[in-house]
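Because the structure is predicted, anything quoted here is derived from the model rather than measured.
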Amino acid sequence: MASSSAKSLLSSTHFASFHRSSDFNSNSNSPVLPFLQSSISTSSVSLRSSNLIPIRSVLKTVESSELDARSSDLVDPTFPNDRSTILVAEKLGEAGLKLLRSFGNVDCAYDLSPEELCAKISSCDALIVRSGTKVNRQVFEAAKGRLKVVGRAGVGIDNVDLQAATEFGCLVVNAPTANTIAAAEHGIALLTAMARNVAQADASMKAGKWERSKYVGVSLVGKTLAVMGFGKVGSEMARRAKGLGMQVIAHDPYTPVDRARAIGVELVSFNQAISTADFISLHMPLTPTTTKLFNDDTFGLMKKGARLINVGRGGLIDEDALIKALDNGVVSQAALDVFVEEPPPQDSKLVQHKNVTVTPHLGASTKEAQEGVAIEIAEAVVGALNGELSATAVNAPMVAPEVLTELAPYVILAEKLGRLAVQLVGGGKGIKSIKVVYRSGRAPDDLDTRLLRAMITKGIIEPISDSRINLVNADFTAKQKGLRISEERVLVDAPPEFPVESIQILVSNVESKFGSAVSETGEVAMEGKVKYGVPHLTRVGWFDVDVSLEGNLILCRQVDQPGMIGRVGNILGENNVNVNFMSVGRTVRKKRAIMAIGVDEVPTKDTLAKIGQVAAVEEFVFLNL
């Protein structure tokens with residue numbers, strides 16, 4: 001297993017920034033799933049038990065990650081099979097409306113004011129919207145418990161209050177796949193139009209000019225395209241680029257290598273992708289770790305004269321940095337369909353730049369895609385009203401509060417361990433297979449680990465993805481991303497009133513950013529316990545530690561000698577970083593030790609560099625929890 005040294009860790013800026021986790025839940029500071037948070041905390045909402053979907057009816061057992069939406073054990077009696085009322089608040093394709101009408105009473109009422117929507121919603125079982133309708137807490141309160149499902153005809157769900165939806169026992173589903181082909185086709189359209197200066201030449205001719213020599217383009221055959229994010233749209237973009245004779249590489253730490261190879265694409269590291277490509281197409285999710293990922297530093301690593309295409313998320317690009325890169329020739333052209341602010345200002349320098357081709361967020365704007373979205377969301381809403389489990393559910397049904405109260409601290413521990421795992425793994429391969437070991441004083445049959453497994457999956461996937469992981473979609477999403485999770489339950493001599501004694505995560509077939517996290521068996525290993533209601537990290541690799549998993553964490557491997565705690569502590573203190581917890585574990589006296597330091601703030605690069613310069617520090621890693 002390879003390990004990064006203290007000095008080299010700081011040079012892996014781009015890979016680290018792609019994985020660096022931060023506060024993933026924009027609606028809360030609590031690291032708990034939305035449906036957990038609402039149950040664990042005191043809520044003013046009174047939820048009838050008849051509105052709760054039992055935990056055992058939500059996911060199948062760990063032995064099977066296949067989700068059968070038609071399975072009879074997923075039908076909930078609170079969702080009646082008689083004709084339901086479905087409010088369609090924004091325009092929807094006729095094919096979707098036809099499907100809805102075959103199931104229930106459809107009320108198409110467009111351009112409703114917030115007051116009008118609240119007035120109508122109490123007589124509706126389902127609501128379908130696009131991006132223009134705000135489904136906030138007031139809407140759920142006005143529904144008085146009748147609203148069972150909200151369908152978002154599209155991908156983004158920023159206009160739906162997920163926390164409120166879950167508190168009121170309302171499922172939220174979206175339509176994430178129907179736009180795939182349309183977005184990929186638009187990416188290819190922008191790529192070819194940019195390469196041959198189609199937009200500029202068109203404007204020139206309409207201005208009465210004939211400038212053949214001014215608009216000489218470049219050929220695509222033999223050029224290298226880097227697809228950044230190899231999900232549905234990215235992979236379809238790659239297929240089409242291959243058909244144009246391009247060499248295609250991709251960066252996505254969670255795509256199986258064999259899936260990319262099947263269409264002739266090589267998976268490479270972030271730095272290799274951006275430094276070797278002639279064309280770069282962005283298909284990453286927009287998360288706190290990828291926001292403005294393409295900035296001055298990233299553009300500085302690109303091949304001079306590279307061309308950039310973005311039909312994904314506007315916020316991936318630092319637009320001011322892109323303007324500078326265009327002006328100095330580092331980026332020769334850009335073709336953009338999405339922007340940080342939409343619509344962008346009329347005087348936008350980026351939109352007006354002579355080397356930029358722009359379209360007004362047309363990625364999904366084909367007749368076929370709009371019909372596909374209509375059918376996809378209609379099927380999801382009808383299925384939800386029938387009590388069936390939708391693979392596109394973005395929140396989860398409520399579960400019994402007493403179960404959540406018991407598991408609450410272990411849920412947080414599980415997610416934190418998942419976040420540690422994804423940050424400790426290096427080498428660009430991503431996590432493909434993990435083993436989770438639960439030690440408990442309860443018999444295996446008395447310990448339902450599906451919720452804990454969902455949280456581990458959440459911790460691993462959410463920091464580097466726009467996927468929202470919950471009890472409903474955890475196994476489905478893990479399988480979709482090629483993540484295999486096996487579980488082992490070990491009976492130990494521990495009080496049975498506590499559900500779990502410890503949780504251990506073992507990640508196999510990966511390299512580690514922190515060599516000391518590799519166990520005797522060659523796996524990246526970490527273990528945690530709940531002490532006094534607070535999650536603690538108790539073991540890293542073969543070293544015992546004892547540190548509260550609150551705030552951020554620095555792990556240092558050092559020569560075991562006097563004064564090390566003081567030296568590192570002084571560096572942090574001099575740079576206004578508060579230490580909230582510190583623990584040292586060692587194997588043999590005066591040999592090597594692991595120092596685990598909990599800090600409240602995120603240290604600067606300079607502060608971390610100073611720690612790495614301490615002679616006795618052999619390696620370290622900063623982990624944002």
More than 12 foreign heavy atoms under 6.0 Å from [atom1] of [X]: is that the case here?
{"X": "Gln346", "atom1": "CD", "value": "no"}
{"X": "Arg240", "atom1": "CZ", "value": "yes"}
{"X": "Lys303", "atom1": "NZ", "value": "yes"}
{"X": "Lys304", "atom1": "NZ", "value": "yes"}
{"X": "Lys242", "atom1": "NZ", "value": "yes"}

Salt bridge check: are [X] and [Y] linked by an N-O gap of less than 4.0 Å?
{"X": "Glu487", "Y": "Arg453", "value": "yes"}
{"X": "Asp278", "Y": "Arg307", "value": "no"}
{"X": "Lys458", "Y": "Glu415", "value": "no"}

Between [Y] and [X], is there a side-chain heavy-atom distance shorter than 4.5 Å?
{"X": "Ile157", "Y": "Asn395", "answer": "no"}
{"X": "Asp327", "Y": "His353", "answer": "yes"}
{"X": "Leu293", "Y": "Leu282", "answer": "no"}
{"X": "Phe279", "Y": "Met194", "answer": "yes"}
{"X": "Val311", "Y": "Val338", "answer": "no"}
{"X": "Ser519", "Y": "Trp542", "answer": "no"}
{"X": "Leu623", "Y": "Ile554", "answer": "no"}
{"X": "Val173", "Y": "Arg152", "answer": "no"}

Test item: [X] side-chain N/O and [Y] main-chain N/O as donor-acceptor pair under 3.5 Å:
{"X": "Glu211", "Y": "Ser204", "value": "no"}
{"X": "Thr192", "Y": "Ala189", "value": "yes"}
{"X": "Thr224", "Y": "Ala277", "value": "no"}
{"X": "Thr604", "Y": "Thr607", "value": "yes"}
{"X": "Gln504", "Y": "Gly528", "value": "no"}
{"X": "Lys610", "Y": "Asp606", "value": "no"}
{"X": "Lys432", "Y": "Thr255", "value": "yes"}
{"X": "Thr392", "Y": "Asn174", "value": "yes"}
{"X": "Asn575", "Y": "Ile571", "value": "yes"}
{"X": "Glu236", "Y": "Lys232", "value": "no"}

Walk me through it: do Leu336 and Ile317 pass the test side-chain contact (heavy atoms from CB on, under 4.5 Å)? CA-CA 10 Å; Leu336 309 173; Ile317 298 174; 4.1 Å; yes
Sequence neighbours excluded, which residues qualify as ring-ring contact (aromatic ring centres under 6.0 Å, His included) partners of Phe294? Phe270
Verdict with supporting geometry, Asn509 and Glu523, side chain to side chain donor-acceptor pair (under 3.5 Å): CA-CA 7 Å; Asn509 300 316; Glu523 299 156 311; over 6 Å; no
Measure the spacing between [atom1] of [X] and [atom2] of [Y] and express it to the nearest 0.5 Å.
{"X": "Ile280", "Y": "Met228", "atom1": "CD1", "atom2": "CE", "value": "7.0 Å"}
{"X": "Ile434", "Y": "Ser486", "atom1": "CD1", "atom2": "OG", "value": "8.0 Å"}
{"X": "Ile594", "Y": "Ser516", "atom1": "CD1", "atom2": "OG", "value": "3.5 Å"}
{"X": "Thr298", "Y": "Asn295", "atom1": "OG1", "atom2": "CG", "value": "4.0 Å"}
{"X": "Arg419", "Y": "Ile456", "atom1": "CZ", "atom2": "CD1", "value": "13.5 Å"}
{"X": "Asn624", "Y": "Leu553", "atom1": "CG", "atom2": "CG", "value": "10.5 Å"}

side-chain contact (heavy atoms from CB on, under 4.5 Å) with Val524: of Leu506, Val540, Val510, Ile431, only one passes, and it is Val510
Sole residue of Ile503, Leu413, Leu417 in side-chain contact (heavy atoms from CB on, under 4.5 Å) with Pro535: Leu413
For residues 260-267, dump all side-chain donor-acceptor pairs below 3.5 Å to protein atoms at least two apart in sequence or in another chain.
none

Identify the two heavy atoms, one from [X] and one from [Y], that lie closest to each other, and give their separation to 0.1 Å.
{"X": "Ile505", "Y": "Gly418", "value": "CD1-N, 3.9 Å"}
{"X": "Ala334", "Y": "Leu326", "value": "N-CD2, 4.2 Å"}
{"X": "Ile611", "Y": "Cys556", "value": "CG2-SG, 4.0 Å"}
{"X": "Val227", "Y": "Phe230", "value": "CG1-CD1, 4.2 Å"}
{"X": "Met246", "Y": "Leu225", "value": "CE-CB, 3.8 Å"}
{"X": "Leu350", "Y": "Ile323", "value": "N-CD1, 3.8 Å"}

For residues 176-185, run the donor-acceptor check on the side chains, cut-off 3.5 Å, and write out each pair with its distance to 0.1 Å, sequence neighbours left out.
| residue | atom | partner | partner atom | Å |
| --- | --- | --- | --- | --- |
| Thr177 | OG1 | Glu376 | OE1 | 3.1 |
| Thr177 | OG1 | Glu376 | OE2 | 2.8 |
| Thr180 | OG1 | Thr177 | O | 2.8 |

List the steps, then state whether side-chain contact (heavy atoms from CB on, under 4.5 Å) holds for Phe299 with Leu308. CA-CA 10 Å; Phe299 292 133; Leu308 190 67; 4.1 Å; yes
Using the side chain to side chain donor-acceptor pair (under 3.5 Å) rule, take Asp337 and Thr359 through it: C-alpha gap first, then chi angles, then the decisive distance, then the call. CA-CA 5 Å; Asp337 185 50; Thr359 53; 2.6 Å; yes
Could you walk me through whether Arg557 and Phe620 pass the side-chain contact (heavy atoms from CB on, under 4.5 Å) test, one step at a time? CA-CA 6 Å; Arg557 186 181 72 194; Phe620 75 96; over 6 Å; no
Run the numbers on Val356 and Val351 for side-chain contact (heavy atoms from CB on, under 4.5 Å), then give the verdict. CA-CA 7 Å; Val356 177; Val351 172; over 6 Å; no
